[in-house]
Visitor: 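One structure follows; several queries about it will come next.
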Amino acid sequence: MAAHLSSGRVNLNALREAGRRELREFLDKCAGSKAIVWDESLTGPFGLIAQYSLLKEHEVEKMFTLKPGRLPQADVKNIIFFVRPRLELMDIITDNVLREDRGRSPQRDFHILFVPRRSLLCEQWLKEQGVLGSFIHREQYSLDLIPFDGDLLSMESESAFKECYLESDQTSLYHAAKGLMTLQALYGTIPQIFGKGECARHVANMMIRMKREFPGSQNSIFPVFDTLLLLDRNVDLLTPLATQLTYEGLIDEIYGIQNTYVKLPPEKFAPKKQGEGGKDLPTEPKKLQLNSAEELYAEIRDKNFNAVGSVLSKKAKIISAAFEERHHAKTVGEIKQFVSQLPHMQAARSSLANHTSIAELIKDITTSEDFFDNLTVEQEFMSGIDTDKVNNYIEDCIAQKHPLIKILRLVCLQSVCNSGLKQKVLDHYKREILQTYGYEHILTLNNLEKAGLLKPQTGGRNNYPTIRKTLRLWMDDVNEQNPNDISYVYSGYAPLSVRLAQLLARPGWRSIEEVLKMLPGPHFEERQQLPTGLQKKRQHGENRVTLVFFLGGVTYAEIAALRFLSQMEDGGTEYVIATTKLINGTTWMKSLMEKLEPAPF
């Protein structure tokens, strides 16, 4: 289901290739053998652009993680720091450089590559520490949007949501606008821009300004994208708080997917040998890459988890039948034919074994009482039941000291589904949380309030029921096996963000003006002039292509819902998804939590 875009009209390889080219050019500037010192947050994203072999071709002999102290021994001519422009990292680099043995010969040359932009502040800091002059090359590597899959781009900017909504820091929005300009340079000017939210408005303004300032950026490439839809995460705060119920969404909720990789408990993956009675169980987590290149994963990733089992058992029958064929191969030609298919069949068999194990791991959790109770409360809130009073289940969870993040997700969900909580309900929850989990969490509660996630109801009006009904956010009869609506990704709840995208395509936002006004931030439309000769004449039956950019993060369930819309026979629109970060409720909450260290005395 997810592989459709690699066969569709958008090929994101051009973006990956541009990234590789820029990397090669920089490495070639630093002549001679090299060691790269990595800011840890960059190794994952870089792995999606360039394999180690590319670095090796350009004389990269060693790789280290950035940490204080002396740099490890390495007999190389160049040391290159690959870092995000953050001040705390500049302190570590300063320490590394100052501890370098000046007496050693030959001397090593230092270089620094800022990702995605050089920062005056960081360079000023290095200057004050007296080390700026040690760097021969100080450059930037504009890795804004990283291709994660055939239809998915992410900036992997951890703190974008917090910066935008709590700190009024628009740096990540500037990077988003820059990333979109790069995209337009490769894939043509996007004629229509729609947006909803304050951040969306800022990004569109920056794009328009950048285009004015660089008139040369008008290119003569036939546009691949028809529409860009910019969406603020805070237009839809509800979706990430709910538990995702697609296969990929649940893997992320339970184990966390990082740069397309997941680490899983190893015991399910141990090869079963006769008569050994589990002596040597592996202790290292099992690390798997998850993307559409794997046929089976592409087919099941976006399905509701309840529909995955039947696909796996069907696949198992097909594969074992294929292996049975070998008994029927009589002639040399037939045997050759069978042998040639063997690698593909073995890959399919091992893929099936892996996903059967993952599905078993997930099923152990989804069939637990705790998971069921939690989901029941979420679904009650989302369908508008008892959102205005203190919830018994939440109180019990606090009393039993369940993980704080679980509590915060539920309380925020209740607040969002009630357009804020009555003051006395809010105060009750806050008091319970602080007394049970510690007063240091007062800053976290403050952040959640600032972000609009956990707040008092103002004006005494709850708009959520109107929004829910107008946008059909709650569907009672949801078909999880053969879905006919996007609400299957949360077994009943249709992600508000994706509903907005769906309604924009047909019949257009004019039909929902009233609801749009109830959601935060302005909504707008901009048109970008195309040079003559590049206007599209749409072929009969040809799909429109829309790029949906989530500012502040997107969940795998929302991605699944957009892929579902792309797949619809009469949909007429193909979606590509871009975001500042791939998130789930837990990682999102974590990014908003403040760590107050207890006093040392």
Side-chain angles (χ1 to χ4, degrees), residues 196-197 229 231-246 249 304 374-391 393-394 409-422 425-426 451-480 483-521 523 548 550 554-555 557-558 560-562 564-565 585 588:
K196 171 71 182 157
L229 168 57
L231 278 180
D232 274 36
R233 181 72 273 171
N234 83 333
V235 170
D236 169 16
L237 293 169
L238 195 166
T239 301
L241 293 168
T243 304
Q244 307 172 67
L245 296 174
T246 56
N304 183 293
N374 187 72
L375 192 61
T376 306
V377 172
E378 283 184 15
Q379 302 218 325
E380 282 172 359
F381 288 159
M382 292 191 287
S383 55
I385 300 168
D386 289 343
T387 51
D388 55 350
K389 48 179 186 281
V390 172
N391 181 281
Y393 175 70
I394 296 180
R409 278 178 74 165
L410 282 171
V411 175
C412 290
L413 185 69
Q414 182 177 353
S415 169
V416 173
C417 292
N418 199 59
S419 303
L421 296 168
K422 287 186 185 136
V425 176
L426 181 63
L453 280 158
L454 181 59
K455 61 183 209 305
Q457 196 181 82
T458 46
R461 245 202 82 113
N462 178 4
N463 284 328
Y464 178 69
T466 315
I467 297 168
R468 187 182 72 238
K469 287 178 192 121
T470 314
L471 298 180
R472 304 195 339 277
L473 297 185
W474 185 259
M475 310 294 270
D476 278 318
D477 46 347
V478 65
N479 183 341
E480 294 172 342
N484 52 7
D485 180 73
I486 57 172
S487 53
Y488 83 92
V489 300
Y490 285 99
S491 295
Y493 163 71
L496 189 156
S497 54
V498 183
R499 203 53 113 205
L500 289 179
Q502 184 182 15
L503 292 166
L504 176 66
R506 275 226 288 270
W509 275 356
R510 285 202 186 87
S511 59
I512 52 163
E513 283 285 344
E514 286 313 303
V515 164
L516 283 173
K517 285 186 190 132
M518 290 177 184
L519 297 168
H523 57 282
V548 186
F550 290 83
V554 69
T555 62
E558 288 167 298
L562 284 165
F564 175 79
L565 294 179
W588 192 38

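Residue numbers start at 1 and run along the sequence shown.
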Visitor: Give the intermediate values and the outcome of side-chain hydrogen bond (donor to acceptor under 3.5 Å, both in side chains) for residues T239 and Y490.
Guide: CA-CA 9 Å; T239 301; Y490 285 99; 5.4 Å; no
Visitor: So, using side-chain hydrogen bond (donor to acceptor under 3.5 Å, both in side chains) as the criterion, who are the partners of S491 when residues are at least two apart?
Guide: N304, E480
Visitor: Looking at Q457 and K422, would you say the former's side chain and the latter's main chain have a donor-acceptor pair under 3.5 Å?
Guide: no
Visitor: Answer yes if the side chains of N462 and S419 hold a donor-acceptor pair under 3.5 Å, and no otherwise.
Guide: yes
Visitor: Report the C-alpha separation of V498 and L565 in whole Å, then their side-chain angles, then the decisive distance to 0.1 Å, and conclude whether the side chain to side chain contact (heavy atoms under 4.5 Å, CB included) test is met.
Guide: CA-CA 9 Å; V498 183; L565 294 179; 3.8 Å; yes
Visitor: Quick check: does any side chain N or O of N391 sit under 3.5 Å from a backbone N or O of I394, one acting as donor and the other as acceptor?
Guide: yes
Visitor: Quick one: list whatever passes side chain to side chain contact (heavy atoms under 4.5 Å, CB included) with E378, sequence neighbours left out.
Guide: A242, T243, N374, L375, M382, L410, L413
Visitor: With S383, which residues qualify under side chain to side chain contact (heavy atoms under 4.5 Å, CB included), at least two apart?
Guide: I385, W474
Visitor: Which residues satisfy the salt bridge (charged side-chain N to carboxylate O under 4.0 Å, His left out) test with R472, sequence neighbours excluded?
Guide: D485
Visitor: Report the residues that fulfil salt bridge (charged side-chain N to carboxylate O under 4.0 Å, His left out) with E513, sequence neighbours left out, ordered by chain and then residue number.
Guide: none
Visitor: Write out all pairs satisfying salt bridge (charged side-chain N to carboxylate O under 4.0 Å, His left out) with one or both partners inside residues 411-420, taking only residues at least two apart or from two chains.
Guide: none
Visitor: Between NZ of K196 and CG of L231, what distance do you get to the nearest 0.5 Å?
Guide: 10.0 Å
Visitor: Before giving the answer on salt bridge (Lys or Arg N to Asp or Glu O under 4.0 Å), spell out for E558 and R233 the whole-Å C-alpha distance, their side-chain angles and the decisive distance to 0.1 Å.
Guide: CA-CA 12 Å; E558 288 167 298; R233 181 72 273 171; 2.9 Å; yes
Visitor: Over all heavy atoms of both residues, which pair between A560 and V489 is shortest? Give the atoms and the distance, please.
Guide: CB-CG1, 4.0 Å
Visitor: Taking all heavy atoms of C412 and all of L454, pick out the closest pair and write down the distance.
Guide: SG-CB, 4.1 Å
Visitor: Please enumerate all residues that pass side chain to side chain contact (heavy atoms under 4.5 Å, CB included) together with P456, with sequence neighbours excluded.
Guide: Q423, L426, E449
Visitor: Residues in salt bridge (charged side-chain N to carboxylate O under 4.0 Å, His left out) with D232, at least two apart?
Guide: none
Visitor: Residues two or more places apart in sequence or in another chain: which of them pass side chain to side chain contact (heavy atoms under 4.5 Å, CB included) with V478?
Guide: S487, Y488
Visitor: D386: which residues meet the side-chain hydrogen bond (donor to acceptor under 3.5 Å, both in side chains) condition with it, sequence neighbours left out?
Guide: K389
Visitor: Who pairs with K469 by salt bridge (charged side-chain N to carboxylate O under 4.0 Å, His left out), at least two apart in sequence or on another chain?
Guide: none
Visitor: Using side chain to side chain contact (heavy atoms under 4.5 Å, CB included) as the criterion, point out the one residue from D236, L241, V411 that pairs with V416.
Guide: L241
Visitor: Test of understanding: with side-chain hydrogen bond (donor to acceptor under 3.5 Å, both in side chains), list the residues that count as partners of T246, not counting sequence neighbours.
Guide: none
